[in-house]
Student: 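One structure, pasted below without further comment.
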Protein chains: 2
Amino acid sequence: MKNTSPTIRDVAVAADVSVATVSKYVNGTKRFSPEVELRLKETIGKLGYRSNPLARSMITGRTRTIGLAILDISNPHFTNVVKGANRVALEHDYTLLLVDTEENPTRERALIEALAQRVDGLVISSRLPEDESAWMLDLNKPVVMLRHVHELTMPNIGIDNRLATYMLARHLLNLGHRRIAYLGFGHAPINDERVRGARECLAEADLALDVYDAHAPTAAAGEQACSKVLLGPRRPDAVICYNDLIALGFMKEAKSLGFRLPQDVSVTGIDNAPYGEYAEPRLTTVDTQSEKMGELATQKLIDALSGQTDTAHLILEPRLIVRESTAAYAAAGPKKT
Amino acid sequence: MKNTSPTIRDVAVAADVSVATVSKYVNGTKRFSPEVELRLKETIGKLGYRSNPLARSMITGRTRTIGLAILDISNPHFTNVVKGANRVALEHDYTLLLVDTEENPTRERALIEALAQRVDGLVISSRLPEDESAWMLDLNKPVVMLRHVHELTMPNIGIDNRLATYMLARHLLNLGHRRIAYLGFGHAPINDERVRGARECLAEADLALDVYDAHAPTAAAGEQACSKVLLGPRRPDAVICYNDLIALGFMKEAKSLGFRLPQDVSVTGIDNAPYGEYAEPRLTTVDTQSEKMGELATQKLIDALSGQTDTAHLILEPRLIVRESTAAYAAAGPKKT
DNA sequence: ATGAAAGCGCTAACAA
DNA sequence: TTGTTAGCGCTTTCAT
């Protein structure tokens, strides 16, 4: 176990050829006579030579590394994004430089700028409003944005948030619900779209949407917000949550407040997190295809990196997944047995 | 938006100093006269110069990057490991190069070897048996192993798996359970330790452990394995699962098979995954401090990178978390109402 | 078919 | 305090 790896030079000397030959051979740039190639192959094997990616990158200007900036790896949405991104990256022989900004907008920019220096391009998830995101264009690197942006001219990919909540609201209306609340996460720019979708749907039935806010996109925040929604002056008979995490927390707290789910109140999430299926009642939600988003964003970036310029944006279609946390509305029965 | 960034040379020329001066100034290696420093500061700002980390790394031999290899980011254990590792890395101004090997042992080695070339050191989680892991020592980079290894001479950090299942078994015995099964994941080397812990505890009460196996450490595998455990010839009244994911799947399926939890069968997991708390019944488990493992492993690696050589291994203590999925055993009552 | 030599952008002696 | 210079390990013309 030597502590300094062999260089291209060592190979050249040992195989009695020039460094240029080794380089070309290793990269498959040129072919050589059988004898030389054999000798090369052997000495490389014997020495255990591996080309130094740093030195190569310095010259080629490409690192074969993709930067992925997310807000919180604990959030299943991002977990799935990473999953998808990792898969596509590896398929194309790229590696992932991951930064979890931990929902901290203060550090976000510095972290992303630092990240940008070490990668060929970036996939970014951010809650910064568009008018504060212009600096991303000055990174001098291709960027794919993990949400739909309107003014910023960069490739982006998101889901149709308006449609997602519209579908949920429609589903609840179909079940007979009339007093529907939305427990959102106002800090996220996409929250507005989600409010709008639900509101538009309800407006068609001449109903208004009661909007509440959670302080974070987490189960704990959902738990915390529960009582103000269910024990406030306008008790809803159905609640659409910003995401599955909030919904899960909300449901847990609702049960401990004595509400029966879904009889007393229907609850929905958004994201189709894996654990919605293991909660009780199993969570009705909208699949936002997080993993696919990660895959497509990474693919888009790799395409851009290889000079392709495809369509600037892509909007995935949400899909409603009905499970047991939503049920037909049965006018006010007794709340507890 | 120019597409080629300014180099140290551009700054040197513009500020009318030598490149060495710029380099030293940028790195804070040396101080200079106020006039020079001011001029430097201004030109750097004007040109928007940022030192190229690749070029720097080539010389210093350090990338300020840590490689983290995990088996499946979707598994909450690893999600938390990444969370912890990310935090410590960022604190120390390192970035994380992440590789999710997707539980694929075939690709594992190649991926890790490639990863090793681009980082200063690695934190590795692997299910390879120790006698097939020796190649990790030839990576020529410091490696911290995310599980306790006995023969391999590398820093490592794990939890006391024997104790974890011992505690769970003891807990179940205390509740009056006598027929206890273990639903493991035989492919993981640590599974043996977990079997042993439970077995030893039961042996003290002259009881035997029934061991079953899930084909993956996932909820789906837990669901799948459920019927062979509960509907087989030796129906247990309590089941210890390899991890929370398997337990969650197991519980879901058990419920749909008509078992009441925990009355008909007590279930436990291991890991303290966030969602155990939102399942019903809430999952009794053992906290394995996954996030702390990620933190400590990364800290250990960074220490090693700065020349420190602390204790070679560290074993975290598991903590039992009793929730509602385990209850006192009430001798065979009617299974359904 | 193979090699010599000029750098990529930077740091680290060593000089001045 | 500041500058000169020699590379780090590699790729890439341009020769031979």
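Naming convention: chains lettered A, B, ... in sequence-line order (proteins, then strands); numbering from 1 in each chain.
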Student: Tell me whether the side-chain N/O atoms of S18(A) come closer than 4.0 Å to OP1 or OP2 in dG3(C).
Tutor: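 Checking S18(A) against dG3(C): at least one side-chain N or O falls below 4.0 Å of OP1 or OP2.
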
Student: Choosing from dT2(C), dC8(D), dG7(C), which nucleotide comes nearest the side chain of I59(A)?
Tutor: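 Ranking dT2(C), dC8(D), dG7(C) by closest atom to the I59(A) side chain puts dG7(C) first.
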
Student: Of E35(A) and V19(A), whose closest DNA chain C nucleotide lies nearer the 5' terminus?
Tutor: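 Nearest nucleotide further toward 5': that of E35(A).
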
Student: Nearest to the side chain of S23(A), heavy atoms from C-beta on, is which of dT2(D), dT12(D), dT2(C)?
Tutor: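 Nearest to the side-chain atoms of S23(A), counting from C-beta on, is dT12(D).
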
Student: Can you tell me how far C1' of dC10(C) sits from CG of L54(B), to the nearest Å?
Tutor: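 Going from L54(B) (CG) to dC10(C) (C1'), I get 11 Å.
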
Student: Nearest whole angstrom, please: distance from the P of dT13(D) to the CG of N27(A).
Tutor: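 From N27(A) CG to dT13(D) P: 13 Å.
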
Student: For D10(B) and dC8(C), what is the distance between atoms CG and P respectively, to the nearest whole Å?
Tutor: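 Rounded to whole Å, this separation is 11 Å.
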
Student: Which whole-number value in Å describes the distance from K24(A) NZ to dG9(D) P?
Tutor: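 Interatomic distance, NZ of K24(A) to P of dG9(D): 20 Å.
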
Student: Measuring from the side chain of S33(A) (C-beta onward, heavy atoms only), which nucleotide among dA1(C), dG9(C), dT11(C) has the closest atom?
Tutor: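 Comparing dA1(C), dG9(C), dT11(C) against the side chain of S33(A), the answer is dA1(C).
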
Student: Looking at H187(A) versus F185(A), is the centre-to-centre ring distance below 6.0 Å?
Tutor: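 When the ring centroids of H187(A) and F185(A) are compared, they turn out to be within the sub-6.0 Å range.
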
Student: Rounded off to whole Å, could you give me the CG-to-P distance for the L47(B) and dG9(C) pair?
Tutor: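 Spelled out: CG on L47(B) to P on dG9(C) is 14 Å.
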
Student: Does D72(A) come within less than 4.0 Å of K83(B), counting only side-chain N to carboxylate O?
Tutor: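 K83(B) and D72(A): salt-bridged.
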
Student: In whole Å, what is the span from the CG atom of D16(B) to the P atom of dT2(D)?
Tutor: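 It works out to 12 Å between those atoms.
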
Student: If you check the M58(A) side chain, which of dC10(D), dT11(C), dG9(C) turns out closest?
Tutor: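 Of dC10(D), dT11(C), dG9(C), dG9(C) is nearest to the side chain of M58(A).
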
Student: What nucleotide, of dA12(C), dC8(C), dT11(D), holds the atom closest to the side chain of A20(B)?
Tutor: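 For A20(B), the side-chain atoms sit closest to dA12(C).
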
Student: Quick one: which of dT1(D), dA1(C), dG9(C) gets closest to the side chain of F32(A)?
Tutor: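 Out of dT1(D), dA1(C), dG9(C), the nucleotide with an atom closest to F32(A)'s side chain is dA1(C).
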
Student: Given dC10(D), dG9(C), dA4(C), identify the nucleotide with an atom nearest to the side chain of S51(A).
Tutor: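 Closest nucleotide among those given: dC10(D).
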
Student: Rounded to the Å, how far apart are I8(B) CD1 and dA12(C) P?
Tutor: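 Distance check: I8(B) CD1 to dA12(C) P gives 11 Å.
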
Student: Can you tell me the distance, in whole Å, between the CZ atom of R62(A) and the C1' atom of dT12(D)?
Tutor: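 Rounded to whole Å, this separation is 17 Å.
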
Student: What's the closest nucleotide to the Y49(B) side chain, out of dT12(D), dC10(D), dC10(C)?
Tutor: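 When the side chain of Y49(B) is considered, dC10(C) is the closest of dT12(D), dC10(D), dC10(C).
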
Student: Judged by each residue's nearest nucleotide on DNA chain D, which is more toward the 5′ side, V17(B) or T21(A)?
Tutor: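 On the 5' side of the pair lies V17(B).
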
Student: For the pair S5(B) and R50(B), evaluate side-chain hydrogen bond (donor to acceptor under 3.5 Å, both in side chains) and give the outcome as yes or no after the intermediate values.
Tutor: CA-CA 8 Å; S5(B) 317; R50(B) 317 214 65 196; over 6 Å; no

Student: Only one of L122(B), N156(B), V123(B) forms a side chain to side chain contact (heavy atoms under 4.5 Å, CB included) with M145(B), so which one is it?
Tutor: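 So, applying the side chain to side chain contact (heavy atoms under 4.5 Å, CB included) to M145(B) and each of L122(B), N156(B), V123(B), only N156(B) qualifies.
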
Student: Rounded to the nearest 0.5 Å, what separates atom CG in L296(B) from atom CD in Q289(B)?
Tutor: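 The CD atom of Q289(B) is 8.0 Å from CG of L296(B), to the nearest 0.5 Å.
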
Student: So which one's nearest nucleotide on DNA chain C is more toward 5', R56(B) or K30(B)?
Tutor: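 Its nucleotide being nearer the 5' end, the pick is R56(B).
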
Student: Out of dC10(D), dG3(C), dC10(C), which nucleotide sits closest to the side chain of R9(B)?
Tutor: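 Nearest to the side-chain atoms of R9(B), counting from C-beta on, is dC10(C).
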
Student: Could you check whether R87(B) pairs with E291(B) (Lys NZ or Arg NE/NH1/NH2 to Asp/Glu carboxylate O, under 4.0 Å)?
Tutor: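 Result for this pair is yes, salt bridge flagged.
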
